[in-house]
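Proteins come first, then strands; the chains are lettered A, B, ... in the order of their sequence lines, and each starts at number 1. Just so it is clear, the values below take in all heavy atoms, side chains as well, and ignore hydrogens, waters and symmetry mates.
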Amino acid sequence: MIIRALESAREQDLLQFSAIPEFAIEVPREKQHGDFASNVAMLMAREARMAPRKIAESLVGMINTSGTPVERIEIAGAGFINFYLNNSWLYEIPGLVYNMKDKYGYNEKINRKVQVEFVSANPTGNLHMGNARGGAIGDTLANILERAGNDVEREFYINDAGNQIEIFTDSMEARYFQLTGHDVEFPENGYAGLDLIDTVRNLIADYGKTLLDMPRDERRKIIVEYALQEKVDYIKETLLSFGIVYDVWFNEKSLHEAGKIDQVIQVLKDRDYCYENEGALWFKSTAFGDEKDEVLMRANGLPTYFAADIAYHQDKFERGFDWVINIWGADHHGHVARMKGAMQALGYDPDKLDILLMQLVRLYRAGNIVRMSKRTGTTVSLDELIADVGRDAARFFFVMRSPDSHLDFDLELARQKSQENPVYYVQYAHARICSIFRQADAEGIKMASLQAIDASLLQEEEELAILRKIADFPEELAIAARTLAPQRIARYVLDLAALFHSFYNHHRVLNDNSGLQDARLLLMAITSITIKNALDILGVNAPEKM
RNA sequence: GCGCCCGUAGCUCAGCAGGAUAGAGCAACGGUUUCCUAAACCGUGUGCCGGGGGUUCGAGUCCCUUCGGGCGCACCA
């Protein structure tokens, strides 16, 4: 429409320009600025050598709106052209949402395989707050991407090999000797967490003192397999209770066993991205913009964690993912450039690897920071957190803020079942709607069939606001997927709940006017559908009663 | 020293590829219940968007610089 107007303006010599600029048509933030707005006049100001408002005036004169839902056009501000639609499009929404139910907001399948890898906590201790945030963000993101039309796989990478596992085994072995009455020194850099002692106690319950007499290697093998089994089971169970189900649990050990690490190092050597220095093998990550080169193979002949991680990421791409997303703690940001560099060196497109860094969580209790080092043993674990504040509050809290932002998690605050806690505000909205339907049921009121309902009876400002907000949902989901921004969904559902509460306090759903009553019942139905849909994405329950 | 993230209302934070008068929640004060859940609603006000410079018709948003906070800079993972 605008393009046609531009061209006829040029033909009539009202405007001079060579090419039509890349102008935008967008939904303004303020609804008084119309349903759609265009900035085309401002963009053309320079070339046409005219004031933007004058350009806008000439254009508007050329626009033919007959046969379109455009009700009127206004020029505002510096030269915005605002289009006001009649409400007919809005009244299409209820039927659409009601028919799609829990599928509302979904985009069409786009045939893109996406992997989201998150948490991937070391199986050497409890899950801490950083893991918890990563879990909430990763799972929510996976949900968002799924609804945006991608084929999504959730993956957990189990670091069950390498140096830290040796230290872990040392620690276990020392505890085993100690708990069976031997005076053994605990390794200096060992895992001092109390949970480890429990694990060893379980081990002793199953094996007794039989391990004492075994050859060292055999004993260590039994110990480490026992402990890993127990730790991984614990992690699975805890994450399941946090609402997270993985498609793939990937063992680092399998890379070692299949010789993948040696293979990938060989490829990097062949491509001349490696050199030796002081007995170690280095990767030229500086060639890819990293600050310094990185060791792949230590002088002692053992591969580094980085080498294993390269093999792991290569494996991801070999599995055919079009988009690989990792959720990492911000303390790992130094690894981003070199991992992308390594993928580029291997011939993969580094832009297909996105690493979302989330800032750290600071846990507060009674105004004091709670340290959460895995090794000191003074930590609040995820299962304790869930028992304390509940899964819903915890998940909502963790995704409410941008991953870029530090998260101060106040345990007392999150525990309060009060207005401090926004998750209840949203859940209450859902429960209230369910209550309306229960009340209707009790009074023998049944909503009419969709065809029999006239949605255009919804004329109140509060009703229109809800309709507009619900209409926004697919767009909101698409933005959240594109920008990897789970907090947008939390924000969205809070806004929608607020609009509902406001409506609820101003108007009655069950009333004497049966036409209006049906329209409002339908409005309530699609509001609860959308709230529940958004809460599902966040992994939060939508209770029918509170 | 170098790198990444953050700096927006008293507090905690939103703010999508630069758009119109910068928004929520909490806290504070006042009001709302013969009626579908008052865990709710309504009203009252606050901002040199850390500072400075630049790009642009237009900057909280992009670029440079500077200050403040967090994190990282191992032949650890």
* To do: Pick the P atom in B/C6 and in B/G15, then give their distance to the nearest Å.
  => 11 Å
Original post:
So does A/His333 reach the base of B/G3 with its side chain, donor to acceptor, closer than 3.5 Å?
Top reply: yes
Closest of B/A14, B/C42, B/C71 to the A/His506 side chain is B/C42
Per atom distances to the A/Asn122 side chain, the nearest of B/G70, B/C16, B/A77 is B/A77
Separation of B/A40 atom P from A/Lys545 atom NZ, nearest Å, is 20 Å
### Query
How far does the P atom of B/G7 sit from the matching atom of B/C16, given to the nearest Å?
12 Å
Per atom distances to the A/His501 side chain, the nearest of B/A14, B/C36, B/A40 is B/A40
Say we look at B/C63 and B/U55: how far apart would their C1' atoms be, to the nearest angstrom? 7 Å
* At under 4.0 Å between heavy atoms, what does A/Glu475 touch on the DNA or RNA strands: base, sugar-phosphate, or nothing? -> nothing
Remember a base hit wins even if backbone is also touched, and classify A/Arg401 as base, sugar-phosphate or nothing at under 4.0 Å, heavy atoms. sugar-phosphate
Notebook entry, point to check: Think A/Tyr305 has a side-chain N or O under 4.0 angstrom from the OP1 or OP2 of B/A77?
Noted result: no
* So, A/Asn541 versus A/Gln427: side-chain donor-acceptor pair below 3.5 Å or not? -> no
### Query
Quantified in whole Å, what is the C1' atom distance between nucleotide B/G69 and nucleotide B/G58?
32 Å
Side-chain contact check for A/Gln439: nearest option of B/A17, B/C36, B/G15 is B/C36
Atom CG of A/Leu296 and atom P of B/C75 are separated, to the nearest Å, by 12 Å
In whole angstrom, give me the gap between the C1' atoms of B/U12 and B/G31.
27 Å
For B/C2, the nucleotide meeting Watson-Crick or G-U wobble distances (both under 3.5 Å) is B/G72
Testing B/C36, B/C5, B/G23 for proximity to the side chain of A/Gln359, the answer is B/C5
Which of B/A20, B/C75, B/A14 is nearest the side chain of A/Val295? It is B/C75
In whole angstroms, the gap separating P of B/C36 from CG of A/Leu516 amounts to 18 Å
Same-atom distance (P) from B/U32 to B/G23, integer angstrom: 30 Å
Whole-Å distance, A/Lys292 NZ to B/C2 P, equals 15 Å
Of the listed B/G72, B/C75, B/C16, the closest approach to the A/Glu291 side chain comes from B/G72
When rounded to whole Å, the CG to P distance for the pair A/Asn189 and B/A74 reads 18 Å
Task: Sugar-phosphate, base or nothing in reach of A/Asp290, heavy atoms under 4.0 Å - done: nothing
Q. Does the B/A17 base have a donor-acceptor partner in the side chain of A/Arg482 within less than 3.5 Å?
A. yes
Taking atom P in both B/U46 and B/A24, compute the distance separating them and give it to the nearest angstrom. 14 Å
task: Determine whether the aromatic ring centres of A/Phe288 and A/Tyr273 lie less than 6.0 Å apart.
output: yes
Within the 3.5 Å criterion, strictly below it, is a donor on A/Trp323 or A/Asp354 matched to an acceptor on the partner's side chain?
yes
To the nearest angstrom, the CD1-P distance between A/Ile81 and B/A20 comes to 17 Å
In Watson-Crick or G-U wobble terms, with both distances under 3.5 Å, the base opposite B/U46 is none
| message | What verdict does the ring-ring contact (aromatic ring centres under 6.0 Å, His included) test give for A/Tyr428 and A/His501, after you've listed the backbone C-alpha separation in whole Å, the side-chain angles of each residue and the deciding distance to 0.1 Å? | response | CA-CA 9 Å; A/Tyr428 183 50; A/His501 283 308; 5.6 Å; yes
Walking RNA chain B from its 5' end, the first of A/Met546 and A/Leu357 to be reached, judged by nearest nucleotide, is A/Leu357
**Message:** Assess whether a salt bridge exists between A/Asp170 and A/Arg220, defined as any Lys/Arg side-chain N lying under 4.0 Å from an Asp/Glu carboxylate O.
**Reply:** yes
query: Under the 5.5 Å and 30° test, is A/Phe80 stacked on the base of B/A20?
result: yes
5'-most contact on RNA chain B (nearest-nucleotide basis), A/His406 vs A/Ala431, goes to A/Ala431
By the Watson-Crick or G-U definition, both distances under 3.5 Å, B/G60 is matched with none
message = Just to be sure I understand the rule, does A/Asn159 reach a base, reach only the sugar-phosphate, or reach nothing, if contact means heavy atoms closer than 4.0 Å?
response = nothing
Correct closest heavy-atom pair for A/Ile144 and A/Leu477 would be CG2-O, 3.9 Å
Here the distance between atom P of B/C16 and atom CD1 of A/Ile489, to the nearest Å, is 15 Å
Looking only at B/A39, B/C42, B/C13, the nucleotide nearest the A/Ser502 side chain is B/C42
note: A/Asn505, atom CG; B/G43, atom P; distance rounded to Å ~ 12 Å
Of the listed B/A17, B/C71, B/C41, the closest approach to the A/Tyr425 side chain comes from B/C41
Looking only at B/C73, B/C6, B/C75, the nucleotide nearest the A/Ala299 side chain is B/C75
**Prompt:** Can you check ring-ring contact (aromatic ring centres under 6.0 Å, His included) on A/Phe250 and A/Phe156, steps first, answer last?
**Reply:** CA-CA 6 Å; A/Phe250 191 98; A/Phe156 188 109; over 10 Å; no
- So what does A/Asp495 hit on the nucleic acid, given a heavy-atom distance under 4.0 Å: a base, only sugar-phosphate, or nothing? nothing
Looking for any heavy atom pair under 4.0 Å, which part of the strands does A/His430 touch: base, sugar-phosphate only, or nothing? nothing
When both distances are under 3.5 Å in a Watson-Crick or G-U wobble arrangement, the nucleotide paired with B/U12 is B/A24
| said: Quiz question: by atom type and distance under 3.5 Å, do the side chains of A/Glu74 and A/Tyr84 form a donor-acceptor pair? | reply: yes
For the residue pair A/Phe398 and A/Phe409, categorise the inter-ring angle as parallel (less than 30°), tilted (30 to 60°) or perpendicular (more than 60°). tilted
Nearest-angstrom distance, C1' atom, B/C11 to B/A27:
7 Å
